[in-house]
Amino acid sequence: MTGIFSTFSRMWQLQMITLVNRLIYFTQKLPFAGNLISAQTYAAFRTKRTIGTIAVILLFVAGLLESLLYFGGMFALPMLLWTENVNRTEHFNLLLHMYFCISGVMAGVTSAKVLESNKMKYTSIRLMRINPTKYMRAMLFYRYTTFFIYQGIAMTLVAVLFKFPMTHALLIVGMMTFWRVICEFLHLALFKWKGIVLVQKTWATSLSMLLALTFAYLPFTKLNLPLFGSVILDQPWLMTLISLSGVMCGYVLLKYTDFTSAVCAVTNHADPLLNPEIRIADLQQRMVQSKDHDLARPSSSNLHVNEQSAFEKRDTSNYTKFLLPGIPLSSVHRSTDVYWLL
């Protein structure tokens, strides 16, 4: 657990630094306030730490608001608009049905942090050289801890609004958290068995979204679809089985699983503008073609050196724009505090 928290601390610092630098950059673009912020602000460590503290609070608030909007827009609002003269029990069964279809089935297929491709994962592993296994263990621990907190708060507010039993609502969120951990384990097992990254398969994600949303909202129509989601989530033996399986899968993921191959497979196929391997391969191919056409030219021997130098400059420039928008590259090398300069 100590390794997870130390890795998470580095990831959190990197995320905060990137966010603070972007805030400074975009503030500089404002008509009046931008003139008050100079380029030296990027090196003002104390100021950036203060802004970083504010950014941490804003991120937590943003995560909570996201869950509130999710529960409000996907569950509470449809029940308020499309149900009349429905008792509390039927409302709760309808909520469980929609929650099972959308958070259980759809998100279970379309969401997998292990095989997700994003800039934060690329930056942490490819640029900051964080160990892929340590990174994913910290990311999974953070993801599903906050998942339970955010969704638990949102579900509690929905329970208060519709006068549901809050204890039962929190148990459902806890079981859904364990189910999503099981889904992470299954996504990784499928990748190691067949080499398939399911979340990158458009047909699978599109089909799961279409079916899940259709079955989630069909009870609001005149078809009178049975609320099978509420029946599934209201089985004590099933809740116990999912909870125990989720604990076992979580323990295996955090203790014994090596994420190196899965993470490298995702980051190797990330955005080509951020992927040096793809760009180097493309550069080498163009160099070979140029040499085939220009063997008789005396300056062709310097082609590799010149193009490699130009590639490194463009590559460094792109990384700088990604992490440090608007910051001159020379200012990066003058700082000794790599975290609070980035």
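- Atom CG of residue Asn93 and atom CZ of residue Phe164 lie 9.0 Å apart, to the nearest 0.5 angstrom.
- Counting only distance, with no hydrogens or angles, the side chain of His91 and the backbone of Leu80 share no donor-acceptor pair below 3.5 Å.
- With a 4.5 Å cut-off on side-chain heavy atoms, Leu218 and Thr221 count as touching.
- In the displayed structure, Phe92 atom CZ is contacted under 6.0 Å by more than 12 heavy atoms of other residues, nucleotides or ligands.
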Practice task
Tell me, with the steps shown, if Gln151 and Tyr70 meet side chain to side chain contact (heavy atoms under 4.5 Å, CB included).
Solution key: CA-CA 9 Å; Gln151 296 217 352; Tyr70 171 68; 3.9 Å; yes

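- Distance check: Thr177 OG1 to Ile242 CD1 gives 11.5 Å after rounding to the nearest 0.5 Å.
- Interatomic distance, CG of Leu171 versus CG of Asp234, reported as 11.0 Å (0.5 Å rounding).
- Val105 and Trp203 fall into different hydrophobic clusters, where Ile, Leu, Val, Met, Phe, Trp and Tyr side chains are chained together by heavy-atom contacts under 4.5 Å.
- Pro78 and Tyr217 make their closest contact through CG-CE2, 4.0 Å (heavy atoms, listed as atom of the first residue, atom of the second, distance).
- A 6.0 Å sphere centred on CE of Met239 holds more than 12 heavy atoms belonging to other residues, nucleotides or ligands.
- With hydrogens and angles ignored, the 3.5 Å screen pairs a side-chain donor or acceptor of Lys121 with a backbone N or O of Val114.
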Exercise for the section: Walk me through it: do Ile153 and Ser67 pass the test side chain to side chain contact (heavy atoms under 4.5 Å, CB included)? Expected result: CA-CA 8 Å; Ile153 294 174; Ser67 294; over 6 Å; no

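- Every side chain to side chain contact (heavy atoms under 4.5 Å, CB included) that Leu30 has, sequence neighbours left out, goes to Thr27, Ala33.
- In this structure, the ring pair (Phe, Tyr, Trp, His ring centres under 6.0 Å) partners of Tyr99, at least two apart in sequence or on a different chain, are Phe71, Phe75.
- Between Ala204 and Val109, the closest heavy-atom pair is O-CG1, 4.1 Å.
- Sparse packing is recorded around NZ of Lys29, with 12 or fewer heavy atoms of other residues, nucleotides or ligands lying under 6.0 Å away.
- Distance check: Gln235 CD to Thr240 OG1 gives 11.0 Å after rounding to the nearest 0.5 Å.
- Tyr142 meets the ring pair (Phe, Tyr, Trp, His ring centres under 6.0 Å) test with Phe8, Trp12; sequence neighbours excluded.
- Distance OG/Ser208 to CD1/Ile102: 12.0 Å, rounded to 0.5 Å.
- In this structure, Met74 places its CE atom where more than 12 heavy-atom neighbours from other residues, nucleotides or ligands lie under 6.0 Å away.
- Within a 6.0 Å sphere centred on CD of Glu66, heavy atoms belonging to other residues, nucleotides or ligands number 12 at most.
- Contact detail for Leu233 and Leu96: the closest heavy-atom pair is CD1-O, 3.4 Å.
- The main-chain N or O of Gly104 is found under 3.5 Å from a side-chain atom of Trp179 such that the two form a donor-acceptor pair.
- The nearest pair of heavy atoms linking Phe191 to Ala265 is CZ-CB, 3.6 Å.
- In this structure, the side chain to side chain contact (heavy atoms under 4.5 Å, CB included) partners of Leu77, at least two apart in sequence or on a different chain, are Leu81.
- Linking Ile, Leu, Val, Met, Phe, Trp and Tyr residues whenever their side-chain heavy atoms come within less than 4.5 Å leaves Leu198 and Met209 in two separate clusters.
- Between Pro132 and Arg126 there is no side-chain heavy-atom pair separated by less than 4.5 Å.
- In terms of the salt bridge (Lys or Arg N to Asp or Glu O under 4.0 Å) criterion, residue partners of Lys113 (sequence neighbours excluded) are, by chain and number, Glu116.
- Two different hydrophobic clusters hold Val231 and Phe215 under the rule that ILVMFWY side chains link at heavy-atom gaps under 4.5 Å.
- For the pair Thr257 and Leu253, the tightest heavy-atom approach, listed with the atom from each and the gap, is OG1-CA, 3.3 Å.
- Remark: Ile182 CD1 to His187 NE2 distance equals 12.0 Å, nearest 0.5 Å.
- Criterion: ILVMFWY side-chain heavy atoms under 4.5 Å apart, direct or through other members. Under it, Leu188 and Val247 are part of a common hydrophobic cluster.
- Every residue two or more places apart in sequence or in another chain was checked for a side chain to side chain donor-acceptor pair (under 3.5 Å) with Ser206, and none qualifies.
- At distances below 3.5 Å, at least one donor-acceptor pair connects side-chain atoms of Thr205 with backbone N or O atoms of Lys201.
- No donor-acceptor distance shorter than 3.5 angstrom exists from the side chain of Ser230 to the backbone of Leu94, with no hydrogens or angles considered.
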Practice task
Apply the test side chain to side chain contact (heavy atoms under 4.5 Å, CB included) to residues Phe259 and Lys134: give CA-CA distance (whole Å), side-chain angles for both, the deciding distance (0.1 Å), then the verdict.
Solution key: CA-CA 8 Å; Phe259 297 96; Lys134 291 183 178 180; over 6 Å; no

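- Linking Ile, Leu, Val, Met, Phe, Trp and Tyr whenever their side-chain heavy atoms come within less than 4.5 Å leaves Leu140 and Tyr256 in two separate clusters.
- Of the residues listed (Met98, His97, Glu90), the one engaging Pro219 in a side-chain contact (heavy atoms from CB on, under 4.5 Å) is His97, and it is the only one.
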Practice task
List the steps and the verdict of side chain to side chain contact (heavy atoms under 4.5 Å, CB included) for Met79 and Leu95.
Solution key: CA-CA 8 Å; Met79 289 194 297; Leu95 173 66; 4.1 Å; yes

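- Contact annotation: the side chain of Phe162 never approaches that of Arg88 to less than 4.5 Å [non-hydrogen atoms, C-beta and beyond].
- Here the shortest heavy-atom pairing between Ala212 and Met106 reads CB-CB, 3.5 Å.
- Judged by distance alone, with hydrogens and angles left aside, the side-chain atoms of Arg180 form no donor-acceptor pair with the main-chain N or O of Tyr144 at under 3.5 Å.
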